[in-house]
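Take a look at the structure below.
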Protein chains: 2
Amino acid sequence: MLSQSIEDYIKAIWTLSEGKEDKYAVSTNVLASHLMTSQASVSEMYKRLADKEFIDYIPYQGGSLSPKGRQLAVSLIRKHRLWEVFLHAKLGFGWEEVHDIAEQLEHIHSHELTKRLDAFLDYPSIDPHGDYIPDAEGNIPKQRAKPLTELTIGGVAKVVGVLDSNSKLLSLLSQKGIGLGTSLCVQSILPFDDSRVLTLNEKQSAELSYKACELILIQENR
Amino acid sequence: MLSQSIEDYIKAIWTLSEGKEDKYAVSTNVLASHLMTSQASVSEMYKRLADKEFIDYIPYQGGSLSPKGRQLAVSLIRKHRLWEVFLHAKLGFGWEEVHDIAEQLEHIHSHELTKRLDAFLDYPSIDPHGDYIPDAEGNIPKQRAKPLTELTIGGVAKVVGVLDSNSKLLSLLSQKGIGLGTSLCVQSILPFDDSRVLTLNEKQSAELSYKACELILIQENR
DNA sequence: ATTAATATTTAGGCTATCCTAAATATTTGC
DNA sequence: GCAAATATTTAGGATAGCCTAAATATTAAT
């Protein structure tokens, strides 16, 4: 059984090497200030983590996650983000309040719990901050989802989430035929209020206010 | 901030002195075997707990919860049981599976979380094992709820819960006009299958199978 | 009431985790 | 390419828990 402390270190290393090249090593310096602890503690923990084969550690160079470490990190991130969705969508916490509680909930050990929570939440793919939730196998999209307002005219993308569980927004969207997975294209941007005219699933068209577009997260087709 | 270990001790002392007289002292012996630890560890922890004023401790006599300790214990029990309801009613875990996970969840610190969870679950008063859930002020009924099958003819009681979130049972009950708070009296017990004939709220009467009565929890009027 | 049995505490150690200060490597500036 | 600045590790020590074995209290039995 792993201590909370070990899990915190692993998650921090993952976070700090997000988007960096493979085998990116995190220095004790950077990790210590991220975790608000001393470099000495990090140095010591690096040895312990290397022992347990969670990281590859070269003294004076820093640590990088091993496959085993990355798997643990991603499962923590998955739990963290699923709990954030729960707190926001089911308990009505604001997106800015969910982090600290999820920080504790992510350490609950139960594979079955995670599985059932995922199903209960209807298999969400993004959390209330717009970050992707790794799937059960640990896969996670590389880019961060961006709001529909950042899609330029002619751009084609897929809806991956909505940044608010406000039921009015959701009902507006379902009324217009927009949901998770909907493929859309920006046809034009109207003058004055910047409303978007969209083509949905290459068929119908719909108009959506700037305010609504800000809360819709998309993943652009490459 | 309190450690998980301290919380476990406090909860164990509460559990072991449940139903006993006020100021009932729990011996190191009993507590050690309950927590599967050594008596020496308990003895040591007793000193720490007494220091922090969670217990009154007389060496060689054992420890009893102080008001502060009792308050902490009850808040842990409350969280534990609320999470059990969540796991059972919302995530579909069997009542026998919920304990171990709730054991971890009860240590999550957030007053607001507990409050919102309580509301989300619609302020339940019993957990999936039929135990009462302390309210936000820490009040908890003394007796355990018992199944309707244990109410004798002529006995009057109030429905305090249902031991299964099986929606078929719930819809059967609402169809018959039985819900939380319904006051009922056993008019007769039918031969052969032990079905109960009940008087509801001193007005209508209803018949209920033994199988259904087993899952309905009541609190007898004194 | 004294001894035998039982319960409890103390002593002495262990590990994980943290800390500060000192020692050692590495990097950078000239 | 060496000295100064910076980064990293090691040394030494603290605390919370846990353990076993030894010492001490209490209780029970004759």
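Note that these values count all heavy atoms, side chains included, but never hydrogens, waters or copies made by symmetry.
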Greater than 12 external heavy atoms within 6.0 Å of [X]'s [atom1]:
X: B:Q71; atom1: CD; result: no
X: B:K20; atom1: NZ; result: yes
X: A:I58; atom1: CD1; result: no
X: B:Q104; atom1: CD; result: yes

Polar atom pairs between nucleotides 4-6 of chain C and protein, under 3.5 Å, N or O only, would you list them?
none

**OP:** Give, ordered by number, those residues of residues 2-18 of chain A having at least one heavy-atom distance below 4.0 Å to an atom of DNA chain D; if nothing qualifies, reply none.
**Re:** none
Tell me if a side-chain donor or acceptor on [X] pairs with a main-chain N or O of [Y] at a distance below 3.5 Å.
X: A:S66; Y: A:E53; value: yes
X: A:K79; Y: A:T114; value: no
X: A:R81; Y: A:P134; value: no
X: A:T152; Y: A:G155; value: no
X: A:S27; Y: A:V30; value: yes
X: B:H88; Y: B:G94; value: no
X: A:K68; Y: A:K52; value: yes

Original post:
Can you tell which of C:dT8, C:dT17, D:dC18 lies closest to the side chain of B:T28?
Top reply: C:dT8
**OP:** Just say parallel, tilted or perpendicular for the rings of B:H80 and B:H99, cut-offs at 30° and 60°.
**Re:** tilted
Subject >> A:R48 side-chain N/O to C:dT17 phosphate OP1/OP2 under 4.0 Å >> reply: yes
**OP:** Would you please confirm or rule out a distance under 4.0 Å between OP1 or OP2 of C:dT17 and any side-chain N or O of A:S41?
**Re:** no
Tell me: [atom1] of [X] to [atom2] of [N], nearest whole Å?
X: B:M36; N: D:dC18; atom1: CE; atom2: C1'; result: 14 Å
X: A:K52; N: C:dT15; atom1: NZ; atom2: P; result: 12 Å
X: B:M45; N: D:dA16; atom1: CE; atom2: C1'; result: 8 Å
X: A:L49; N: C:dT17; atom1: CG; atom2: P; result: 9 Å

Original post:
Is the NZ or CZ atom of B:K90 both under 6.0 Å from the centre of the six-membered ring of A:F86 and within 45° of that ring's axis?
Top reply: no
Which protein N or O atoms sit under 3.5 Å from an N or O of nucleotides 10-13 of chain D?
residue	atom	partner	partner atom	Å
D:dT10	OP2	A:K47	NZ	3.0

**OP:** Can you tell me which stems DNA chain D forms, taking runs of 3 or more consecutive Watson-Crick or G-U pairs with both distances under 3.5 Å?
**Re:** C:1-30 with D:1-30
Original post:
So, A:E7 and A:K11, do they make that salt bridge, N to O below 4.0 Å?
Top reply: no
Under-3.5 Å N/O pairs linking protein and nucleotides 24-28 of chain D:
residue	atom	partner	partner atom	Å
D:dA25	O4'	B:Y60	OH	3.3

Original post:
Looking at residues at least two apart in the chain, or sitting in another chain, which of them share a side-chain contact (heavy atoms from CB on, under 4.5 Å) with A:E44?
Top reply: A:R48
Original post:
Within a strict 4.5 Å, meaning less than it, do heavy atoms of the B:L173 and B:I216 side chains meet?
Top reply: yes
